[in-house]
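Below: the structure, in structure tokens.
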There are 2 protein chains.
Amino acid sequence: MIAEGERQKYARERLAAFAARCRAAGLPVTPQRLSIIEALLASSAHPRAEEIYGQVRLIHPHISAATVHRTLETLCRIGEARKVTVLHDSARYDANLTPHQHVVCVECRRIRDIEIAEIDRVLERKVALSGFRPLGWTFELQALCEDCQRRCESGPARRKAALRARAEPTHRKN
Amino acid sequence: MIAEGERQKYARERLAAFAARCRAAGLPVTPQRLSIIEALLASSAHPRAEEIYGQVRLIHPHISAATVHRTLETLCRIGEARKVTVLHDSARYDANLTPHQHVVCVECRRIRDIEIAEIDRVLERKVALSGFRPLGWTFELQALCEDCQRRCESGPARRKAALRARAEPTHRKN
DNA sequence: CTGACGGATGATAATTAGTATCATCCGATA
DNA sequence: TATCGGATGATACTAATTATCATCCGTCAG
Ligand SMILES: [Mn+2]
Ligand SMILES: [Mn+2]
Ligand SMILES: [Zn+2]
Ligand SMILES: [Zn+2]
């Protein structure tokens with residue numbers, strides 16, 4: 001879904017369904033939330049919290065930046081938005097320069113190397129970039145590590161840190 | 001390259017060649033740098049700067065955290081390491097929940113949607129995860145946008161922000 | 001319609017990763 | 001061994017995000 005007209009229709013539909021989805025998630029529908037999802041749906045720039053803040057302030061001049069941050073995270077939590085910058089906390093480094101990919105545990109942020117046999121060959125083929133000059137690419141699998149699987153089964157109460165920092169993968173299983 | 005024995009051999013070779021590669025890049029070989037690349041090569045955990053700092057402090061108790069941050073970025077710049085967390089600055093959000101991927105400009109951080117037709121089909125096939133339970137995945141193309149191509153051609157002096165924040169892709173063209 | 005409840009908000013402080021500054025140090029070279 | 005330029009350490013600073021808490025207000029039972 002990339003064409004502009006199609007995107008606008010998509011945005012209208014999502015906005016129409018938003019209040020219902022909030023209630024389904026047990027969340028009050030506030031004017032601030034509405035404005036924030038509206039601004040996010042209106043943008044195709046994958047905006048930062050700061051940019052959403054700027055937009056929403058035109059409607060709610062008294063809104064707090066903290067509310068924007070909180071609400072964006074909430075939207076991700078209830079599946080109304082996603083974070084493009086997966087795993088976004090502190091920088092992680094790797095001295096292994098051989099071509100490989102990573103699995104990362106969405107709970108504890110453990111990162112392990114993986115090799116997906118066919119991926120290189122497939123991705124070598126050119127993609128239509130409309131102006132961008134390709135330099136490289138990154139593939140990352142989001143997963144739950146063994147330890148965290150155990151921990152999640154036993155204690156279903158998720159820890160704060162995990163919830164706070166979890167980003168949404170581009171594609172989900174199921 | 002995932003097997004532990006193989007990794008250790010790789011690390012030894014990389015460490016042996018490190019001084020030469022520093023000199024080739026015009027950088028003095030300092031004990032701090034040696035300790036930092038050694039700690040990074042010794043780890044398979046994709047460590048944070050903080051963790052490297054902890055390790056290196058055992059050898060150089062007076063090393064500054066700033067040196068560790070600076071050196072890790074330097075190692076990335078000369079191609080002795082890479083940042084796993086690509087695009088790591090402020091969080092970027094997306095209300096578009098349809099399956100799609102992203103191209104991101106390594107200079108100005110513009111993000112655009114792309115669709116790579118074949119990728120879904122390829123990745124449906126299972127990968128060996130040794131304990132991780134897959135939840136989703138992310139594919140991202142690093143590139144240079146039209147504007148930045150022009151800008152880089154005219155003024156070859158790279159801006160500070162671009163150099164500072166640029167992360168290394170997992171796979172590089174050329 | 002109204003009042004009560006609980007989560008949301010706004011203001012603000014705190015945290016944290018990372019960067020800038022600058023005096024001093026020291027590796028490289030001749 | 002003397003020189004020089006980049007590296008280092010100490011420190012201040014920035015910027016993004018999160019925590020705290022008093023107040024507000026959307027929801028819903030009555
Ligand atoms: Mn790796
Ligand atoms: Mn997108
Ligand atoms: Zn885990
Ligand atoms: Zn650009």
Side-chain angles (χ1 to χ4, degrees), chain A residues 18-37 47-54 56-57 59-78 83-85 87-93 109 159-167, chain B residues 18-37 47-54 56-57 59-78 83-85 87-93 109 159-167:
Chain A
F18 180 70
R21 295 208 56 190
C22 273
R23 278 184 226 110
L27 302 176
V29 180
T30 68
Q32 291 91 336
R33 267 186 198 147
L34 274 168
S35 285
I36 289 168
I37 187 70
R48 293 162 226 269
E50 178 61 34
E51 287 142 16
I52 294 291
Y53 182 49
V56 174
R57 235 185 336 182
I59 316 292
H60 300 279
H62 288 299
I63 197 171
S64 164
T67 298
V68 175
H69 281 282
R70 273 185 306 226
T71 302
L72 287 169
E73 290 303 305
T74 302
L75 293 178
C76 289
R77 184 164 50 79
I78 67 172
K83 217 186 262 192
V84 175
T85 48
L87 265 191
H88 177 276
D89 49 358
S90 36
R92 305 282 289 263
Y93 298 90
R109 303 306 181 89
R159 270 120 4 93
K160 237 190 320 181
L163 276 177
R164 143 169 85 78
R166 173 146 67 225
Chain B
F18 180 70
R21 295 208 56 190
C22 273
R23 279 184 225 110
L27 301 176
V29 179
T30 68
Q32 291 91 336
R33 267 187 197 145
L34 275 168
S35 285
I36 289 168
I37 187 71
R48 292 163 225 268
E50 178 60 33
E51 286 141 17
I52 295 291
Y53 181 48
V56 174
R57 236 186 333 183
I59 316 291
H60 300 279
H62 288 298
I63 197 170
S64 163
T67 298
V68 175
H69 280 283
R70 272 186 305 226
T71 302
L72 287 169
E73 290 303 305
T74 302
L75 293 178
C76 289
R77 182 163 52 78
I78 67 173
K83 217 186 262 191
V84 176
T85 48
L87 265 191
H88 177 277
D89 49 357
S90 37
R92 304 283 288 265
Y93 298 89
R109 304 305 181 86
R159 272 115 11 87
K160 236 188 325 182
L163 276 178
R164 142 168 86 79
R166 173 146 68 226

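In what follows, every chain begins at residue 1, and chains take the letters A, B, ... in the order their sequences are listed.
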Does B:R70 make a side-chain donor-acceptor contact with the base of D:dG6, cut-off 3.5 Å? no
Rounded interatomic separation in angstrom, taking [atom1] from [X] and [atom2] from [N]:
X     : N      : atom1 : atom2 : result
B:H60 : C:dC26 : NE2   : C1'   : 14 Å
A:E51 : D:dT17 : CD    : P     : 11 Å
B:D89 : D:dT14 : CG    : P     : 19 Å
B:I59 : D:dT8  : CD1   : P     : 16 Å
B:E50 : C:dG18 : CD    : P     : 10 Å
B:F18 : C:dG27 : CZ    : C1'   : 14 Å
B:Y53 : C:dT16 : OH    : P     : 15 Å
B:E73 : C:dA17 : CD    : C1'   : 11 Å

Between [N] and [X], is there an OP1 or OP2 to side-chain N/O distance shorter than 4.0 Å?
X     : N      : answer
A:R33 : C:dA8  : yes
A:S64 : C:dT9  : no
B:T74 : D:dA7  : no
A:H69 : D:dT18 : no
B:T67 : D:dG9  : yes
B:T30 : D:dG6  : no

From [options], nucleotide with atom closest to [X] side chain:
X     : options                : answer
B:P28 : D:dG9, D:dT27, D:dG6   : D:dG6
B:R23 : C:dA28, D:dA10, C:dG18 : C:dA28
B:A49 : C:dA28, C:dA11, C:dG18 : C:dG18
A:V29 : C:dT19, D:dT27, D:dG9  : D:dT27
A:I63 : C:dG10, D:dT8, C:dT9   : C:dG10

Sidechain-backbone polar pair: B:R33 side chain, B:P28 backbone, donor-acceptor under 3.5 Å: yes
So which atom in A:P47 and which in A:I52 form the shortest heavy-atom distance, rounded to 0.1 Å? CG-CD1, 3.6 Å
Output every pair passing side chain to side chain donor-acceptor pair (under 3.5 Å) with a member in residues 59-69 of chain A, not counting sequence neighbours, ordered by first then second residue. A:S35-A:H60, A:T67-A:R70
Measure the shortest side-chain to side-chain distance between [X] and [Y] over non-hydrogen atoms and say whether it is less than 4.5 angstrom.
X     : Y     : value
A:K83 : B:R92 : no
B:I36 : B:I63 : yes
B:Y53 : B:L72 : no

Applying a 4.0 Å non-hydrogen cut-off, can you work out what B:Q32 is touching in the nucleic acid: base, sugar-phosphate, or nothing? sugar-phosphate
Any base atoms under 4.0 Å from A:R48, or only sugar-phosphate, or nothing? Heavy atoms, all strands. nothing
Contacts of B:A65 and A:G26 projected onto DNA chain C by closest heavy atom; the upstream (5') one is A:G26
Residue mapping more 5' on DNA chain D - nearest nucleotide basis, B:A66 or A:A66: B:A66
The residue, A:P31 or B:A91, whose nearest nucleotide of DNA chain D is more 5′ is B:A91
